[in-house]
Amino acid sequence: MTELARKALLPAGLQDVLPGTAAREAEIREKLMASLAHAGYDRVKTPLVEFEESLLEGAAPELATQTFRLMDPESSRMMGVRSDMTPQVGRIAATRLGDAPRPLRLSYSGDVLRIKGSHLRPERQFAQVGAELIGVSSAAADTEIVLLALEALESIGLADVSVDLNLPTLPVRLFDAFGVSRDDREALTEALERRDVAALRALDGKVTDVLVALLEAAGPAITALPKLKKLELPLGASEELYRLIDVAERVLASDLDAALTIDPVEMAGFRYQTGVSFTLFARNVRGEIGRGGRYRAGGASGEAATGMSLYMDSILRGLPDAEPLSRVYLPLGTPQREARQLRAEGYYTVAALEGAAEAKTEDAARIEARRMGCDFIYLGGQVVPLNA
């Protein structure tokens with residue numbers, strides 16, 4: 001390996017984003033943000049690093065283990081690099097926007113950095129686009145966030161999107177209602193995460209029949225809802241299930257083109273959610289393209305909130321590559337006022353530079369224009385196709 005090639009090596013999960021892809025990501029990101037803005041979500045910007053105690057307050061334990069830490073030389077306090085932007089938006093809502101009218105609608109966009117990638121997402125740095133609805137705990141708010149995500153994805157032309165609605169707090173509610181021991185809770189949780197009906201049935205108790213029924217009800221909303229409506233659950237658990245059913249029916253009643261499935265006992269990845277949650281997928285795209293759900297902004301004692309995050313790396317994999325830009329080559333001697341006018345009219349220009357290896361002839365200029373990847377050349381005050 002040459003020294004130059006060695007310098008190009010990057011840590012696992014990190015990559016350079018090259019011309020074309022970088023422009024495409026910026027374009028799609030801004031379209032998503034525009035969709036959120038049209039729905040009344042005001043944009044905020046959070047710092048890349050902040051003090052560890054504020055960054056991780058109220059965050060799920062998984063975020064703490066995914067956070068890079070460093071010492072601030074100014075204050076000698078530990079800082080963390082954000083691995084998720086939702087806790088930061090919650091902090092802003094609780095502090096700097098504490099007196100703002102509720103419900104508070106905020107949106108954001110930025111890169112996050114994580115210590116480890118996953119099997120489905122090996123990238124450790126990727127861009128998030130998201131929105132948070134803070135200060136209200138209704139089914140209408142849960143539904144708004146789901147539909148907001150779907151509308152944003154529709155605005156960029158992402159096809160074959162599906163939503164998987166979940167209720168990660170429901171198993172815990174059932175464990176409490178049926179007095180399940182700590183050891184049995186762990187075994188039941190593992191069985192649920194593996195979708196292992198036999199393992200559930202092997203653990204004797206009233207809760208297992210309910211969990212199996214919930215697990216077997218999972219599937220497309222059109223078939224799952226009738227099964228879920230027939231279930232009789234203890235008080236508290238039944239209220240949460242009714243909320244899930246309510247949100248599902250509201251989403252189905254919308255005219256957005258997306259498949260809806262329900263998995264009422266899915267818990268993986270929803271460790272700090274406090275109610276209805278969801279995961280977004282797109283056909284032929286590896287891994288999830290986004291997720292969201294209900295939580296407490298600022299920790300367990302914080303405000304009721306629901307939100308969602310979209311993952312740009314996954315979304316880009318589901319979209320066609322951008323068409324290459326058509327560029328106009330400006331030969332030596334092109335007046336600057338004419339070059340500015342072309343750009344004002346929407347053209348993308350590439351200007352010849354003094355000292356470039358270009359003879360002052362039309363044929364040589366055409367050769368250089370092709371070498372620079374241009375489709376047009378500016379000749380005699382006109383934009384002319386190179387193949388003309």
Side-chain angles (χ1 to χ4, degrees), residues 60 62 118-121 139 142-143 145-147 149-150 153 160-175 177 185-201 203 207-233 236-252 254 256 258-283 285-295 306-311 314:
E62 290 90 335
S118 65
H119 175 68
L120 293 177
R121 173 177 286 109
D142 294 326
T143 307
I145 284 293
V146 176
L147 297 182
L150 292 177
L153 294 171
D160 297 320
V161 174
S162 63
V163 186
D164 189 31
L165 275 182
N166 317 116
L167 193 54
T169 54
L170 184 57
V172 177
R173 289 278 192 183
L174 291 171
F175 296 161
R185 288 182 186 222
E186 293 179 0
L188 288 168
T189 299
E190 290 178 5
L192 286 173
E193 291 180 349
R194 297 195 311 268
R195 332 304 291 166
D196 191 340
V197 173
L200 288 174
R201 293 192 185 280
L203 293 167
V207 72
T208 58
D209 291 336
V210 177
L211 291 174
V212 169
L214 288 166
L215 197 58
E216 292 179 340
I222 197 70
T223 58
L225 284 172
K227 296 177 183 178
L228 294 175
K229 289 178 179 179
K230 293 178 181 178
L231 295 178
E232 295 184 4
L233 303 183
S238 61
E239 292 175 351
E240 293 208 11
L241 184 59
Y242 293 152
R243 168 67 71 89
L244 177 68
I245 292 170
D246 188 3
V247 173
E249 290 180 334
R250 289 168 183 256
V251 173
L252 285 174
S254 74
L256 287 170
L260 179 65
T261 59
I262 300 176
D263 189 345
V265 289
E266 175 62 57
M267 303 173 70
F270 293 111
R271 297 303 187 188
Y272 70 89
Q273 261 67 32
T274 60
V276 174
S277 303
F278 62 95
T279 310
L280 298 162
F281 300 95
R283 183 175 296 178
V285 177
R286 161 172 53 89
E288 61 198 26
I289 59 172
R291 67 169 48 215
R294 183 153 294 284
Y295 65 100
T306 184
M308 61 88 180
S309 294
L310 303 175
Y311 307 135
S314 297

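The figures that follow rest on heavy atoms only: side chains count, while hydrogens, waters and symmetry mates do not. Keep in mind that what you see is a predicted model, and the values were worked out from it rather than measured.
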Please report the C-alpha distance between Arg195 and Asp263 in whole Å, then the side-chain angles of each, then the deciding distance to 0.1 Å, and finally whether the side-chain contact (heavy atoms from CB on, under 4.5 Å) criterion is met. CA-CA 11 Å; Arg195 332 304 291 166; Asp263 189 345; 2.5 Å; yes
Evaluate side-chain contact (heavy atoms from CB on, under 4.5 Å) for Leu147 paired with Val251, printing each intermediate quantity in order. CA-CA 7 Å; Leu147 297 182; Val251 173; 4.2 Å; yes
Could you walk me through whether Gln273 and Thr169 pass the side-chain contact (heavy atoms from CB on, under 4.5 Å) check? CA-CA 7 Å; Gln273 261 67 32; Thr169 54; 5.6 Å; no
Working note: Phe175 + Thr189, criterion side-chain contact (heavy atoms from CB on, under 4.5 Å); need CA distance, chi angles, decisive distance, verdict. CA-CA 10 Å; Phe175 296 161; Thr189 299; 3.7 Å; yes
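Rounding to the nearest 0.5 Å places CD1 of Ile145 at 6.5 Å from CZ of Phe278. From Leu252, atom CG reaches atom CD1 of Ile222 across 6.5 Å, with rounding to the nearest 0.5 Å. Going from atom CG of Leu192 over to atom CE of Met267 covers 7.0 Å, rounded to the nearest 0.5 Å. A distance of 7.5 Å separates OG1 of Thr261 from CG of Leu165, quoted to the nearest 0.5 Å. Here the straight-line distance linking atom CZ of Arg201 with atom CG of Asp209 works out to 7.0 Å at 0.5 Å rounding. Between the CG atom in Leu228 and the CG atom in Leu241 there is a gap of 5.5 Å [rounded to 0.5 Å].
The shortest heavy-atom contact between Tyr295 and Gly307 is CE2-N, 3.8 Å. For the residue pair Leu167 and Glu240, the shortest heavy atom distance occurs at CD2-O, 3.3 Å. For Ala139 against Val247, the heavy-atom pair with the smallest separation is O-CG2, 3.9 Å. Heavy-atom minimum distance, Gly275 versus Pro168: O-CD, 3.5 Å. Here the closest non-hydrogen pair linking Leu214 and Pro264 is O-CG, 3.6 Å. The two residues Thr208 and Leu203 come nearest to each other via the heavy atoms CG2-O, 2.5 Å.
Note on Lys229 versus Glu249: salt bridge recorded, some NZ/NE/NH1/NH2 to OD/OE distance being below 4.0 Å. Between Glu216 and Lys230 there is no salt bridge, since no side-chain nitrogen of the basic residue lies less than 4.0 Å from a carboxylate oxygen of the acidic one.
Around atom CZ of Arg243, more than 12 heavy atoms belonging to other residues, nucleotides or ligands sit under 6.0 Å away. The neighbour count for Arg283 CZ, taken as heavy atoms of other residues, nucleotides or ligands under 6.0 Å away, does not exceed 12.
Inter-residue side-chain proximity for Leu244 and Asp142 is flagged as unmet; no heavy-atom pair is nearer than 4.5 Å.
Thr223 contributes no side-chain N or O that, together with a main-chain N or O of Ala221, makes up a donor-acceptor pair within less than 3.5 Å. Between the side chain of Arg121 and the main chain of Glu288, a donor-acceptor pair closer than 3.5 Å is present. In this structure, Thr306 contributes its side chain and Gly293 its backbone to a donor-acceptor pair below 3.5 Å.
Residues forming a side chain to side chain donor-acceptor pair (under 3.5 Å) with Glu190 (at least two apart in sequence, or on another chain): none. Not counting sequence neighbours, Glu239 has no partner by the salt bridge (Lys or Arg N to Asp or Glu O under 4.0 Å) test.
Each of Val212, Val210, Val265 was compared with Leu200 under the side chain to side chain contact (heavy atoms under 4.5 Å, CB included) criterion, and only Val212 meets it. The one candidate from Val276, Leu233, Leu211 that meets the side chain to side chain contact (heavy atoms under 4.5 Å, CB included) condition with Leu170 is Leu233.
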